[in-house]
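Here the structure is laid out as structure tokens; the discussion comes afterwards.
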Amino acid sequence: MCGIFAIVNDKTHRAAQTTLEGLKKLEYRGYDSWGVAVVTEKGASVAIEKHVGKIGGATTGLPNGTIAIGHTRWATHGGVTDQNAHPHLDCTGRFVVIHNGIVENYQELKQNLIKKHHVFHSETDTEVIAHSIEDAVKNKPTVQAVLEVFSQLAGSNAIVVLDAKTKTIVACRNGSPLVAGIGDESFFLASDVPAFLRYTSTVHFLSDGEAVVLSNQGIKLFDIRTIKTKPMSTQTLDWKLEDAEKGGYPHFMIKEIMEQVRTVPKTAQVNNDVISAVAKQIQKGNRVVLTACGTASYCALAAKYFFADIGLEVQSYGAYEFAPFAKFSDKKTVLFAISQSGETADTLIATKKAKQNGAYIVAVVNARGSTLERLSDAVIPVGAGPEIAVVSTKAFTSQLSTLYLVSQAVTGTLPKAASEITTLGRVLETWLTDTLCEKIIKLAKDLVDHTDMYVIGKHTGYPAGLEFALKIKETSYIHAEPFAAGELKHGVITLIQKGTPCFVIATQENSKLELLSSAAELKARGGKIIGVAPFPSAEFDVHVPIPDAGPLTIIPAVIVGQLLGYYLGIGRGTDPDKPRNLAKSVTVK
Ligand code: F6R
């Protein structure tokens, strides 16, 4: 939630404009409002511009400067107003603050500051940070003041503080993501690498308890507790600028859907060693537990079927409901935490609980340098590249194929599974094309005015259905409800009326007949049956053929849901890259 960007030593002297462009790459993290602050070259004062709403194609007339910070907000404390938009200032206007997270003890801090006659201009928790620094700096240097104030903040937070007087930026991390970019002459900070990828791919991912200080003199890393410098661990990522651009597509979502012809087969090449090591942990007889949120939790559920099919009973939990079950994790547990971002608060909390109990933690992540990676004993990076659209697409299918590889590695058939995924990649190349898109566009046009849809599936078709329905809901705001096919007759069937769109997701040969019986029950009540299946059937009013990829048929089935969600969203005039009320990375509980 919320995107942070900062630059020092901008040789173009257009630091505000550079910051605004960086923020545009972070808008997926929040789009309630945005703001930029720059230290002006004349007079070294601070100029700020803030607006409610999405950045879109915004430009800024802020004056020249070489040091600036900016923020794109997903509101938590205080409504969506210009006053509550970041950056926030102290009473003197010297300290300018942007923030990602929640200062859980802000009320207490605010009351103390009000007693000391500080004047607040917003309802945010963030503003207490600026006023606290103003107080602290009276008897100590800026860096020490900022680090000490940060240590007093409860909750998961990342802050960036611009000191206009010394032209220094101090940034601290505890629980919310922050990455420093090291360019030839300029230095950057951001919540995520794509924001500054145009300038550099050499980065240091801050760990919790670390701070960086940026000035024209360079960049220094600090330990927040000891206030001492420490060596940076920089790495150069293999991400390309194109990964963070739309590349001719109208939206990141459709670009990322189409990229799956490349990202799915890539999973068969990149992680064999770590997958084999993790499989060994499972072969020791350890209990396997999977946890995740949202789309990633449907991957956990699908993996449960992958493991069941090799004869292993595993548990999967939505991370937000893990607490009562955490006590069952122990030294003989292998916990898979699945996450695109590696920063989802609920997933991190569940992982920490299992880790405290001694579980072996495996992170199945897409973004790099995340908190989840750091908590883990083994990391399987699924390698889908930056996923910029708020709704998850390519990361999900890479997670699915990765978990399939893990399940097969347990039975010693990893090379065979890898070759199945490579074959699927070739099949996707001929199937996931403009022709398929045209078919789905036509279907979307037929369905766009419906208010309710239902999705049923069996075996891996069930998690596929959950994800299929989620894509429709998130992107088009149409009510789409998924069910296990067998659940239908236990109540849900009352909802089916003449013409109600009912998607039937078939991913598995063995359950085909049962699934088609459920389809027939829907049809008998007037449902319009749309079969997403490798085979035709008399029960289908519309058939969207998908390739039969054996146990991996869930992947093309979900891709149909992604495309349909996208084109329904387009038909309804939504912004598929930034659905209302959502943020890409849910770093709050
Ligand atoms: C749906 C979506 C969310 C995320 C969920 C977990 O399209 O993007 O449901 O899947 O918030 O996020 P990660 O995978 O980053 O932990």
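For ligands, and for the atoms within them, numbers begin at 1 and follow the listed sequence.
Note on Asp208 versus Arg374: no salt bridge recorded, every NZ/NE/NH1/NH2 to OD/OE distance being 4.0 Å or above.
Among residues two or more places apart in sequence or in another chain, the side-chain contact (heavy atoms from CB on, under 4.5 Å) test is passed with Ser33 by Arg73, Ala85.
With Ile530 as the partner, the side chain to side chain contact (heavy atoms under 4.5 Å, CB included) test is satisfied by one option alone out of Val542, Ile505, Asp446: Val542.
Residue pairs meeting the ring pair (Phe, Tyr, Trp, His ring centres under 6.0 Å) criterion with at least one member in residues 553-572, sequence neighbours excluded: His251-Tyr566. Among residues at least two apart or in separate chains, salt bridge (charged side-chain N to carboxylate O under 4.0 Å, His left out) pairs with a member in residues 456-470 are Lys458-Glu514, Glu467-Lys471.
In this pair, Tyr106 and His77 present their aromatic rings perpendicular. The plane angle is above 60°, beyond the 30 to 60° band.
Sorted by chain then number, the residues whose non-hydrogen atoms approach ligand 1 to under 4.0 Å are Cys293, Gly294, Thr295, Ala296, Ser339, Gln340, Ser341, Thr344, Val390, Val391, Ser392, Leu470, Lys471, Glu474.
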